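Heads up: the structure comes next, in structure tokens.
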Amino acid sequence: MIFSPDAFTASILTVEGITDASALLNGPTGCKIYHSFLSDRHFPRGASHDPMAFQGEFYFGQLRVPSTYLDWEDYVEGSLDKLERLLSTVAEKNNDLLAVINSPGASLIGDDLETALRKSGVHERCFTVDCAGFSLPAPVGFENTGLVLLEHLDLKPLPRRQNRVNILGLSILHKHWEGTVAELKKLLSLLGLEVGAVLFADTSVEELKNSSSAACNIVLFPEYGQKIAEWYRERFGIPVVLSPLGAPVGFDATEQLLQKLAKCLGIDPSPALNFVRAARKSSYSKLARYHSFSGLPKGTSFSIKAEASFAYPLALWLYSYLGMVPLAVKTLPGGSPGIEASLRAFLKEKGFEKAYDRELEYETADIAFADGYTLGLLKGMGRCKAGIEISTPSEGYIDFIPKTYMGVEGTLWLLEEIINGIRSSL
């Protein structure tokens, strides 16, 4: 069973991941409530904790994602009147970039949204997303909306900054995205590099407008960033860097990404690679001690449900570095075809071809890596002894300390979770 956001949700959260942009939903209240909650949960902003501040029409006590609250009459007579009022109301409250996103039902009405934008006087700072992809996979909505947004901003060529890079393919939908950004900035600083923009997670419109000055674009999740990276390459000639292993999960994938980046920019990767190798050496010492009296984690079984670009480097690292055994590896829809092929080839080469694309509830693994809903299901069925939540939807755990599953800190965090998960299940 798949529990994952679709393209419609990803489209809204693409806009909501920008610090000074707002998604406006042309749709019913039922679509608004959930997405307002998600936006605030994944990326809290401003006074979003105060429900009394937004009690007026269109908001329903929620700061984020105001909507036209369409009812049956609107589907018959049209929604433009409500949309014009919504645009005028929001325009009075802030100077944000505005994006009108049609719900699936609203897209069938056939209203001329551009007319409503012009009448409301917000046409220059507002764009429309008429069809985000709806029930298609989340990466489709993320990239489609991101490209429409970039076209609306009408980015201009800027002088190249040789020490500046952009990070692409990271959404506020991704688990621990804030910690991931912090970890990547730390690793990149070891190479003397700064991050210009993170598309589209805690970045500003101004940073997006300046993003054409980057020396290269780093793609973390190809599913969420490869098309956008190609847009930058075609428009501005900005080269693209991504690891053939996918996201930088585990020591090897992290090193590969750093090496490819250094080669692209013609810089020495040694400072960052030495940092990674020091962490690898330190963790090996602790693993060796634990293995000496328990024999673990070698031989421990695992199952994974994640995007292909996360599942592949994670499975590779668990098998090659920890000696763990894959029983089921299920990738989410919309995965990178190239990385999907590499994952399948890897499992086949190691004698675990049956684990590829296998539903997790069909196997009983020692440790499962998945979203919170899936882990709850597996635990209830007795299909895993321990679970590590690597993606959304979440089980509801409230994080105060930034975390990540990428880079050096992410690898060490995974090790901590794995070893202690094994210990608690004995």
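Every heavy atom of this structure was used, including side-chain atoms; hydrogens, water molecules and symmetry mates were not. Quick caveat: nothing in here was measured; it's all calculated off a predicted structure.
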Which is it for Ser394 and Glu389 under the side chain to side chain contact (heavy atoms under 4.5 Å, CB included) test, yes or no, and what are the steps along the way? CA-CA 7 Å; Ser394 171; Glu389 190 177 296; 2.9 Å; yes

Cut-off 3.5 Å, side chains only: do Thr145 and Ser11 have a donor facing an acceptor? yes

Looking just at side-chain N and O atoms, do Asn166 and Ser211 make a donor-acceptor pair shorter than 3.5 Å? no

Leu190 CG to Asn274 CG distance, which is reported to the nearest 0.5 Å: 9.5 Å

pair Trp317-Asp252: side-chain heavy atoms closer than 4.5 Å: no

Quick check against the 3.5 Å criterion: does Asp399 have a side-chain atom that pairs as donor or acceptor with the backbone of Ile401? no

So, do Lys379 and Cys384 sit near enough that their side-chain heavy atoms are less than 4.5 Å apart? yes

If we ignore hydrogens and angles and just use 3.5 Å, is the side chain of Thr300 paired with the main-chain N or O of Leu296 as donor and acceptor? no

Got a salt bridge between Arg161 and Glu194, using NZ or NE/NH1/NH2 to carboxylate O under 4.0 Å? yes

With sequence neighbours excluded, give me every ring pair (Phe, Tyr, Trp, His ring centres under 6.0 Å) pair touching residues 198-221. Phe142-Phe200, His174-Phe221

Regarding Arg277 and Glu255, does a basic nitrogen lie under 4.0 Å from an acidic carboxylate oxygen? yes

Between Lys156 and Asn210, is there a donor-acceptor pair closer than 3.5 Å when you use the side chain of the first and the backbone of the second? no

Would you call the rings of Phe58 and Tyr69 parallel, tilted or perpendicular if under 30° counts as parallel and over 60° as perpendicular? tilted

For residues Asn102 and Val129, determine if any side-chain heavy atom of one lies less than 4.5 Å from a side-chain heavy atom of the other. no

The reported gap from CG in Asn217 to CG in Leu168 (rounded to nearest 0.5 angstrom) is 4.5 Å

Any side-chain heavy atom of Leu191 within less than 4.5 Å of one from Asp268? no

I need the minimum non-hydrogen distance between Ala23 and Ile101, along with the two atoms involved. CB-CD1, 4.2 Å

Side-chain (Thr9) to main-chain (Pro5) donor-acceptor, under 3.5 angstrom: no

CZ of Arg64 to CZ of Phe37, rounded to nearest 0.5 Å, is 12.0 Å

Can Tyr405 and Leu314 be said to form a side chain to side chain contact (heavy atoms under 4.5 Å, CB included), step by step? CA-CA 10 Å; Tyr405 292 127; Leu314 178 58; over 6 Å; no

For the residue pair Phe302 and Ile418, establish whether any side-chain heavy-atom pair is separated by less than 4.5 Å. no

Please confirm whether the backbone N or O of Ser301 pairs with a side-chain atom of Asp366, one donor and one acceptor, at under 3.5 Å? yes

Within the 4.5 Å heavy-atom criterion, are Val329 and Asp357 side-chain neighbours or not? no

Any salt bridge between Glu409 and Lys403, counting N to O under 4.0 Å? no

Side chains of Tyr312 and Glu307: do they bring a donor and an acceptor to under 3.5 Å? no

Looking at CZ of Phe43 and CD of Glu178, how far apart are the two atoms once the value is rounded to the nearest 0.5 Å? 7.5 Å

To check you understand the geometry: which heavy-atom pair defines the closest contact between Ser39 and Glu16, and what is its length? OG-CG, 3.3 Å

Go through it in stages, so that I can follow the logic: the residues are Tyr319 and Phe352, the test is side chain to side chain contact (heavy atoms under 4.5 Å, CB included), and I'd like the CA-CA distance, side-chain angles, deciding distance and then a yes or no. CA-CA 11 Å; Tyr319 175 83; Phe352 300 108; 3.7 Å; yes

Donor-acceptor check, side chain of Thr374 to backbone of Asp371, threshold 3.5 angstrom: yes or no? no

For the residue pair Glu223 and Ser309, confirm or rule out a side-chain donor-acceptor distance under 3.5 Å. yes

Before accepting this row, confirm whether a basic side-chain N of the pair Glu363/Arg383 lies closer than 4.0 Å to the acidic partner's carboxylate O. no

For residues 239-250, which side-chain donor-acceptor pairs fall under 3.5 Å, sequence neighbours excluded?
unit_1, atom_1, unit_2, atom_2, d
Ser243, OG, Leu245, N, 3.0

Does one side chain, of Arg164 or Ser213, offer a donor that lies under 3.5 Å from an acceptor on the other? yes

Is there side-chain contact between Leu25 and Cys31, with heavy atoms separated by less than 4.5 Å? yes

Minimal non-hydrogen separation, Pro137 against Ala7, with atom names: O-CB, 3.5 Å

I'd like to know if the side chain of Ser189 reaches the main chain of Gly192, judged simply by a donor and an acceptor atom lying under 3.5 Å from each other, with no hydrogens or angles considered. no

Are the side chains of Leu24 and Ser67 in touch, meaning some heavy atoms are under 4.5 Å apart? no

Rounded distance [0.5 Å steps], CD1 in Ile18 versus OG in Ser204: 9.0 Å

Please find the pair of heavy atoms, one from Ala370 and one from Leu375, that lie closest to each other, and give the distance. O-CD1, 3.8 Å

Carboxylate-amine/guanidinium contact Arg125 Asp20, below 4.0 Å: no

Hey, are Lys227 and Glu230 close enough for a salt bridge, meaning a charged N less than 4.0 Å from a carboxylate O? no

Starting at CG of Leu220, measure out to CG of Leu184 and round the result to the nearest 0.5 Å. 5.5 Å

For a side-chain hydrogen bond (donor to acceptor under 3.5 Å, both in side chains) with Tyr356, tell me which candidate from Glu340, Arg344, Lys348 qualifies. Glu340

Stepwise side chain to side chain contact (heavy atoms under 4.5 Å, CB included) test for Leu187 and Leu257: CA-CA 11 Å; Leu187 290 173; Leu257 183 64; over 6 Å; no

So does Val408 get a backbone contact from the side chain of Glu183, meaning a donor-acceptor N/O pair under 3.5 Å? yes

Pair Tyr321, Ser283 - check side-chain hydrogen bond (donor to acceptor under 3.5 Å, both in side chains), show working. CA-CA 11 Å; Tyr321 188 71; Ser283 65; 2.9 Å; yes

When you measure from the side chain of Trp177 to the backbone N and O of His42, does any donor-acceptor pair fall under 3.5 Å? yes

Can you name the closest pair of heavy atoms from Ala308 and Ile339 and give their distance? O-CG2, 3.4 Å

Looking only at heavy atoms, which two atoms of Gly141 and Thr14 are closest? And how far apart? O-OG1, 4.4 Å

Is Asn144 reaching over with its side chain to a backbone N or O of Leu147, donor-acceptor style, under 3.5 angstrom? no

